[in-house]
Amino acid sequence: MLLKCQCKVKTIHLLTSQDEDSSAQQTSALAEIKQSLRSQNVCLDIQYSSTIHDREIRFNNGWIIKIGRGLDYFKKPKGRFSVGYCDYDFRECHETTVDVFHTKHTKKT
């Protein structure tokens, strides 16, 4: 979504928990996303927490996105030639909650 329009975001901080069942797959997927974003001049900073339940994405402009189910909220397409295979605007989503807020509306601890 960031790359579809002109964007000034240069760094994304992702705080998530380590997937105990498939940590190698998670590491590989996030490394691929990180490399892809790097080619668009966006830095993805990934940090893991053993105590956090919610996953959040923090942008360097103060915006925070918390996604209840993590980054896998899109359903898989039904096939390679299905609408939505290449364009996520047409993909169905899993039920989840997405919270978007700005740090100016958060309490500093």
Side-chain angles (χ1 to χ4, degrees):
M1 292 186 311
L2 289 173
L3 303 176
K4 280 188 147 185
C5 59
Q6 201 168 30
C7 172
K8 295 181 181 181
V9 174
K10 296 296 177 194
T11 304
I12 301 169
H13 300 281
L14 173 64
L15 178 62
T16 188
S17 57
Q18 187 73 45
D19 187 341
E20 295 176 12
D21 297 329
S22 56
S23 63
Q25 181 182 6
Q26 178 189 32
T27 301
S28 175
L30 289 174
E32 189 174 332
I33 293 169
K34 186 174 185 169
Q35 179 62 35
S36 182
L37 285 169
R38 187 179 303 139
S39 71
Q40 300 295 317
N41 297 317
V42 177
C43 176
L44 176 61
D45 173 48
I46 304 166
Q47 295 180 351
Y48 296 97
S49 170
S50 60
T51 58
I52 191 169
H53 171 72
D54 289 340
R55 274 72 74 197
E56 67 181 36
I57 303 170
R58 289 181 176 255
F59 296 94
N60 61 348
N61 62 1
W63 287 100
I64 301 170
I65 299 174
K66 294 183 100 172
I67 306 170
R69 60 175 295 119
L71 297 176
D72 65 341
Y73 59 92
F74 286 107
K75 290 184 178 180
K76 292 183 178 183
K78 293 178 177 45
R80 284 185 46 207
F81 300 103
S82 298
V83 173
Y85 183 80
C86 295
D87 189 340
Y88 281 72
D89 286 342
F90 294 105
R91 286 264 181 110
E92 292 182 21
C93 295
H94 294 285
E95 185 174 349
T96 189
T97 301
V98 179
D99 299 313
V100 180
F101 52 97
H102 197 277
T103 54
K104 67 183 175 185
H105 300 294
T106 61
K107 185 177 179 181
K108 306 242 189 285
T109 56

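Here, residue 1 is the first one in the sequence, and each next residue gets the next number.
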Point-to-point distance, once rounded to the nearest 0.5 Å, from [atom1] of [X] to [atom2] of [Y]:
{"X": "His13", "Y": "Cys43", "atom1": "NE2", "atom2": "SG", "result": "7.5 Å"}
{"X": "Phe74", "Y": "Asp89", "atom1": "CZ", "atom2": "CG", "result": "7.5 Å"}
{"X": "Gln40", "Y": "Lys10", "atom1": "CD", "atom2": "NZ", "result": "9.5 Å"}
{"X": "Glu20", "Y": "Ser50", "atom1": "CD", "atom2": "OG", "result": "9.5 Å"}
{"X": "Leu14", "Y": "Phe59", "atom1": "CG", "atom2": "CZ", "result": "10.0 Å"}
{"X": "Ile12", "Y": "Lys34", "atom1": "CD1", "atom2": "NZ", "result": "11.5 Å"}

Any donor-acceptor pair under 3.5 Å from [X] side chain to [Y] backbone:
{"X": "Thr106", "Y": "Thr103", "answer": "yes"}
{"X": "Ser39", "Y": "Ser36", "answer": "yes"}
{"X": "His102", "Y": "Asn61", "answer": "yes"}
{"X": "Arg91", "Y": "Tyr85", "answer": "yes"}

Heavy-atom side-chain proximity of [X] to [Y] below 4.5 angstrom:
{"X": "Arg58", "Y": "Asp45", "answer": "no"}
{"X": "Gln18", "Y": "Thr27", "answer": "yes"}
{"X": "Trp63", "Y": "Ile65", "answer": "no"}

**Study point:** Phe101 CZ: over 12 foreign heavy atoms closer than 6.0 Å
**Key:**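 Result for CZ/Phe101: enclosed.
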Review point. According to a 4.5 Å side-chain heavy-atom criterion applied to Ile, Leu, Val, Met, Phe, Trp and Tyr, with indirect links allowed, do Tyr88 and Ile33 form part of one hydrophobic cluster?
Key: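 Yes, Tyr88 and Ile33 fall within the same hydrophobic cluster.
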Review point. So if you build clusters from Ile, Leu, Val, Met, Phe, Trp, Tyr with side-chain heavy-atom gaps below 4.5 Å, do Leu44 and Tyr73 land together?
Key: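 Yes, one cluster joins them.
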Check your understanding: Which of these, Ile46, Thr16, Asp21, sits in a side chain to side chain contact (heavy atoms under 4.5 Å, CB included) with Gln26?
Key ->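 Exactly one option meets the side chain to side chain contact (heavy atoms under 4.5 Å, CB included) with Gln26, and it is Thr16.
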Check your understanding: At their closest point, which heavy atom of Cys93 faces which heavy atom of Lys75, and how far apart are they?
Key ->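 Answer, listing the atom of Cys93 first, then Lys75: O-CE, 3.6 Å.
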